[in-house]
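Since the structure comes first, as structure tokens, the remarks are kept for the end.
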There are 2 protein chains.
Amino acid sequence: MPEDTAPADLTTMRFSRAREAQAMAVLEDYAEMIDDLARQMGEARITDIAARMGVTHPTATKAVARLKREGLAVSRPYRGVFLTELGTELAARVRMRHRVVVDLLIAVGVPAETAEIDAEGLEHHVSEATLRAFEAYLAQRG
Amino acid sequence: MPEDTAPADLTTMRFSRAREAQAMAVLEDYAEMIDDLARQMGEARITDIAARMGVTHPTATKAVARLKREGLAVSRPYRGVFLTELGTELAARVRMRHRVVVDLLIAVGVPAETAEIDAEGLEHHVSEATLRAFEAYLAQRG
DNA sequence: ACAGAAGTGTAGCCAAGGCTACACCTTGCA
DNA sequence: TGCAAGGTGTAGCCTTGGCTACACTTCTGT
Ligand SMILES: [Mn+2]
Ligand SMILES: [Mn+2]
Ligand SMILES: [Mn+2]
Ligand SMILES: [Mn+2]
């Protein structure tokens with residue numbers, strides 16, 4: 001039954017990679033969201049971030065604090081949240097990757113709405129190599 | 001630029017679904033791992049679980065405690081860990097889904113090793129609907 | 001101009017999933 | 001047979017990402 005039985009340290013590495021990816025997920029989603037709001041509303045307010053993420057405002061405040069700590073955003077009390085150049089770059093990469101993941105899912109037959117939902121979690125675990133493969137697949141099939 | 005601007009509550013639902021899936025991820029990985037070890041080694045010991053997951057043994061103990069609390073596993077002090085019927089069913093579903101995800105990735109051109117790595121995180125965010133689409137895609141392309 | 005509404009900050013709680021340190025139990029082998 | 005090594009339990013720490021409750025600031029409309 002155990003057809004492969006991969007070396008134990010390769011298995012270990014897989015799990016450790018998944019944990020790393022997960023640690024980035026919240027940062028990535030908030031960066032993208034703040035960028036979205038800045039485009040759509042002109043600025044990103046804590047309340048709007050929280051509403052869209054489906055969390056309470058203190059939770060959003062904490063996430064923004066982490067973004068600031070990591071040099072991805074800045075903000076001053078009672079003013080909106082703004083991405084740094086680093087944060088903007090992250091948001092751009094995340095948005096692009098999100099789009100590719102959705103497109104790939106749809107291309108292999110996943111219903112569009114389902115693709116949108118699943119992509120929100122999937123995207124954070126798509127490595128550079130996999131992303132390139134997805135892009136190649138999409139390009140090659142027109 | 002904001003091509004779609006999906007209704008805010010749909011966006012919210014996406015994030016909330018991703019959080020739900022994430023909350024299951026550890027449970028799923030441990031269940032599958034315990035089942036693997038039971039097959040390969042005859043029993044699942046805490047130390048082996050921890051080594052394969054790449055965590056320390058107290059971390060594995062906590063995870064097993066959660067599995068027990070959720071009715072997925074049983075164990076007695078200094079004896080191995082055993083899945084309940086519920087846990088065994090979960091492990092079977094998780095193993096199958098993992099395999100389908102890896103196969104799908106390879107089918108669209110992701111290198112096999114990369115597919116194995118990324119699948120470990122991706123699998124937990126693949127919904128039933130997406131899984132069915134993946135299976136259909138794999139069946140249809142031989 | 002100012003009062004009420006809306007937005008924001010912040011304290012403090014919780015659970016999960018990491019960790020180290022240390023105590024205790026089991027097992028294997030000399 | 002006993003003891004050293006290895007396996008396990010457990011306490012206690014940390015960070016993250018949820019939450020509620022409450023105080024404070026800003027904005028808005030009369
Ligand atoms: Mn996401
Ligand atoms: Mn996204
Ligand atoms: Mn996994
Ligand atoms: Mn897996």
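Naming convention: chains lettered A, B, ... in sequence-line order (proteins, then strands); numbering from 1 in each chain. All figures in this text were calculated on a predicted structure; none of them were measured in a lab.
In this structure, CE of Met53(B) is placed 16 Å from C1' of dC19(C), rounded to the nearest angstrom. dA16(C) atom P lies 12 Å from atom CG of Leu67(B), rounded to whole Å. As rounded to whole Å, 6 Å separates atom P of dC25(C) from atom OH of Tyr78(B). Atom NE2 of His124(B) and atom P of dG17(C) are 11 Å apart (whole Å). At whole-Å resolution of the value, CZ in Phe15(A) and C1' in dG18(C) are 16 Å apart. Here the P atom of nucleotide dG18(C) and the CZ atom of Arg17(A) are 17 Å apart, to the nearest Å.
Of the residues in residues 55-62 of chain B, those with a non-hydrogen atom less than 4.0 angstrom from any atom of DNA chain C are Val55(B), Thr56(B), Pro58(B), Thr59(B), Lys62(B).
Contacts between chain B and DNA chain D, taken as any atom within less than 4.0 angstrom of a protein heavy atom, begin and end at dG7(D) to dG18(D).
Going from atom CZ of Phe82(A) over to atom OG1 of Thr88(A) covers 11.5 Å, rounded to the nearest 0.5 Å. Once rounded to the nearest 0.5 Å, the distance linking OG1 of Thr130(B) with CG of Leu122(A) reads 7.0 Å. Taking CG of Asp36(A) as the start and OG1 of Thr11(B) as the end, the distance is 8.5 Å to the nearest 0.5 Å. The distance from the CZ atom of Arg52(A) to the CG atom of Asp9(B) is 10.5 Å, given to the nearest 0.5 Å.
The salt bridge (Lys or Arg N to Asp or Glu O under 4.0 Å) test with Arg14(B) singles out one residue from Glu120(A), Glu113(A), Glu32(A), Glu123(A), and that residue is Glu120(A). A salt bridge (Lys or Arg N to Asp or Glu O under 4.0 Å) with Arg97(B) holds for exactly one of Glu28(B), Glu128(B), Glu135(B); it is Glu28(B).
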Would you sort out whether His98(A) and Glu116(A) count as a side chain to side chain contact (heavy atoms under 4.5 Å, CB included), showing the intermediate values?
-> CA-CA 9 Å; His98(A) 186 114; Glu116(A) 280 294 346; 3.7 Å; yes
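For the OP1/OP2 pair of dT27(C) and a distance below 4.0 Å, the side-chain nitrogens and oxygens of Arg45(B) include no atom meeting the criterion. Residue Arg66(B) places at least one side-chain N or O under 4.0 Å from the OP1 or OP2 atom of dG17(C).
Along DNA chain C, the nucleotide nearest to Arg76(A) and the one nearest to Arg19(A) differ in position, and the one closer to the 5' end is contacted by Arg76(A).
Other residues, nucleotides and ligands contribute more than 12 heavy atoms inside 6.0 Å of the CD atom of Glu89(A).
Between Arg39(B) and Asp35(B), at least one side-chain nitrogen of the basic residue sits less than 4.0 Å from a carboxylate oxygen of the acidic one, meeting the salt-bridge criterion.
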